[in-house]
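Worksheet: the structure to be examined is printed underneath.
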Amino acid sequence: MNVLILGGGGREHAMAWKISQSSNCDQLYLAPGNAGTETVGRNLDGIGSDFEMIKKAVLDNNIDLVIVGPEAPLVDGIVDFFLGDKDLQDVNILGPDKKAAQLEGSKSFAKSFMEKYEIPTAQYLEVGPSNLEEGYAFLDKMKPPYVLKADGLAAGKGVLILDDIAEARKELGLMLKGKFGDASEKVVIEEFLDGIEFSVFALVDGKDFIILPEAKDYKRIGEGDTGLNTGGMGSVSPVPFYDSVLKEKVQSQIIEPTVKGIIEEKMLYRGFIFFGLINVDGEPKVIEYNCRMGDPETQSVFVRLENDLLEVCDKASRGELEGMESRFSPDTVCTIVAVSGGYPGGYEKGKKIDGLDNIEELVFHAGTKRSGEEIQTNGGRVLAVTAKGKTIDEARNSALREIEKIKFEGINYRRDIGVDLL
Ligand code: AMP
Ligand code: GLY
C-alpha cells in the first residue's frame, strides 16, 4: 500500500515511523514532512494546503491511503473534497468530514453536541452580538475564574482564563469585536473546571472504534507548569491516575455517547478523536474535542501501541474496524520537546542542530529542515526525544540523558515532564 501523511510536525514523524514498520507499507510519502521524516519516507515539497495540489500528488504517486495529521485541512473539508472527486474514488482518506471536524472547529458546535448527547462537560453559554447582555449576566452569576473561548480555531490562543469580573466583561466585548478575527465572532463562556487534565484517543471507523493509550500533555513553557502556553512541551503515557474506574467512566460516559452522537447526526467520522479531558474529583469531563491526534501525545502513544498502525488506519478508513482491538505495552513512555529560544514568543530559525547522530533513544523531528549536510531548526518546537522505561522516572531519565546530547543555539526544554505524576 502507498501512503501519504499530510503534515510536518512531531506527530506526523511519529506516525510515519510507526507506519513504516508495517509489512503492508510500500511507499510512504509526507507532505511537507521535515528533516526527520526523510529517514522513514519521502517528503513531497511545494504542495501546501491546496486540495488540487494534494490530489495531483495522490494521483502521481498512486497513493492508496491518505492520513491527515493536523486539523486545518479537516476543518476546511478535505475529506468531503476526496469523497466528492470522481478521480479519487479509489483512494481512502483517514479523517472526519467537514461537519464532524466542527467538533474541533467550533466550540459552540461541540458544546451543543455534548449537551444533546449528555456528555459531561462544563456548563456554558454561547454568546454573539445579539445576546451580549445575556453573556454579561451569565458572567455575573458565575464564580471566578472566568473561562472565555473563541468559537473558531485561533491557533491555540483563543481561550482566556481570567480572575477578575471586570476584565472578563471587557474581554468578552473585545472578543466579539474581533480580538481573534473571525474565530471570535461567537464566544463560549464556560464554568471553570478544577482538576487534572489528560488526553484519551480513539480511532473510529464511522461506527466502531478502538481506544488507544491515554497520555498527559505539558502545555506550559516553564517547569512546574509556569509561564505561557505552548503547543506542548512533553508527554507521558500511561497516566497513573487513569485507573480502571476512571477508564470505565470515560468509555461509557464520553467515548460511547460521542460515537453514538456522530452516527445519529449522520456525520462521517473515520479518523482519530482526541478527547481533552479533566478529572474533577474522579469524574471525567470533556474540556475539548480535537479531530486528530495530539502533539506531543502521539509520540508517546504510538511508541506504546503494538498494533500494526497501517492496518488499523486502513481498516478505519474503510469502515472495517469491527472486531479489532488495540494492544499496547505496559511500559511508560516519556517525550521531551526541545524548542527554539524565545518560543512561544518570537524565535529565530536556521540554527544548526548538532549531536543527532549518537542518540540512543527515538528522536521525532518537528520544526527541522535539511540544508545541504546540516540539519537546522525551522520552527518553535524543534524536535523531541522519546524514551521507554518501567517507570516514569526511568523513562524521563533516559529521555533527559539523550536530549542533553542535542545542541543548537537557544535550545530549551523542560526537565520535569511527568514529575507531577510521581
Ligand atoms: P481548549 O482550547 O478548550 O482546550 O482550552 C485550552 C486550555 O484552557 C485547556 O487545556 C485547559 O487547560 C484550559 N481550559 C479550557 N476550558 C476550561 C474549563 N472549562 N475549566 C478549566 N480550564 C479550562
Ligand atoms: N497537545 C495538544 C494538542 O495537540 O492539541
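First listed ligand is number 1; within each ligand, the first listed atom is number 1.
Two residues are said to be in side-chain contact when any heavy atoms from C-beta on lie closer than 4.5 Å; Leu153 and Glu104 meet this criterion. Using a 4.5 Å cut-off on side-chain heavy atoms (C-beta onward), Thr368 and Thr377 make no contact.
Nearest-residue assignment for atom 15 (C) of ligand 1 (options Lys149, Glu191, Arg220; heavy-atom criterion): Lys149. When the options Lys285, Glu190, Lys219 are ranked by their closest heavy atom to atom 19 (N) of ligand 1, first place goes to Glu190.
Close contacts between ligand 1 and Phe192 involve ligand atoms 20 (N), 21 (C), 22 (N) [criterion: under 4.0 Å to a heavy atom].
The protein atom (non-hydrogen) at minimum distance from atom 5 (O) of ligand 2 is Arg292 NH2, 2.9 Å. Atom 17 (C) of ligand 1 has its closest protein heavy atom at Ile287 CD1, 3.6 Å. When hydrogens are left out, the protein atom nearest atom 11 (C) of ligand 1 is Glu197 OE2, 3.1 Å; that is the closest non-hydrogen contact. Remark: minimum distance from atom 2 (O) of ligand 1 to any protein heavy atom is reached at Lys107 NZ, 3.2 Å. Of all protein heavy atoms, the one closest to atom 14 (N) of ligand 1 is Ile161 CD1, 3.9 Å. In this structure, the protein non-hydrogen atom closest to atom 2 (C) of ligand 2 is Asp217 OD2, 3.4 Å. The single protein non-hydrogen atom nearest to atom 21 (C) of ligand 1 is Leu193 O, 3.2 Å, given as residue, atom name and distance. The nearest heavy-atom contact from the protein to atom 4 (O) of ligand 1 is Glu288 CD, 2.8 Å. Of the protein's heavy atoms, Val159 CG2, 3.4 Å lies nearest to atom 5 (O) of ligand 1.
No part of Glu288 comes within 4.0 Å of ligand 2, judged by heavy-atom distances. At a heavy-atom distance under 4.0 Å, only side-chain atoms of Glu297, from C-beta outward, approach ligand 2.
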### Task
Would you sort out whether Ser329 and Arg304 count as a side chain to side chain donor-acceptor pair (under 3.5 Å), showing the intermediate values?
CA-CA 5 Å; Ser329 139; Arg304 288 188 60 215; 4.9 Å; no
#### Entry: Verdict with reasoning, Tyr242 to Phe198, per ring pair (Phe, Tyr, Trp, His ring centres under 6.0 Å)
CA-CA 9 Å; Tyr242 190 58; Phe198 62 109; 5.4 Å; yes
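The pair Lys116-Glu265 counts as a salt bridge, with a side-chain nitrogen and a carboxylate oxygen less than 4.0 angstrom apart.
Classification of the Phe81-Phe51 ring pair by plane angle, with boundaries at 30° and 60°, yields tilted.
Atom 9 (C) of ligand 1 is approached by the protein to below 4.0 angstrom, counting heavy atoms only.
For the pair Lys349 and Tyr347, the NZ or CZ position fails the cation-pi test of under 6.0 Å to the six-membered ring centre and within 45 degrees of the ring normal. Annotation: cation-pi geometry not satisfied between Arg42 and Tyr29 (NZ/CZ under 6.0 angstrom from ring centroid, within 45° of ring axis).
Using a 4.0 Å cutoff on heavy atoms, Gly294 counts as a contact of ligand 2. At a 4.0 Å cut-off, at least one heavy atom of Gly231 sits close enough to ligand 2 to count as contact.
For the residue pair Thr386 / Gln299, no side-chain donor-acceptor distance below 3.5 Å is found, with atom types taken as modelled.
A donor-acceptor contact shorter than 3.5 Å is absent between the side chain of Asp217 and the backbone of Asp295.
Taking both residues in full, the closest heavy atoms of Ile210 and Leu321 are given as N-CD1, 4.2 Å, listed atom of the first, atom of the second, then distance.
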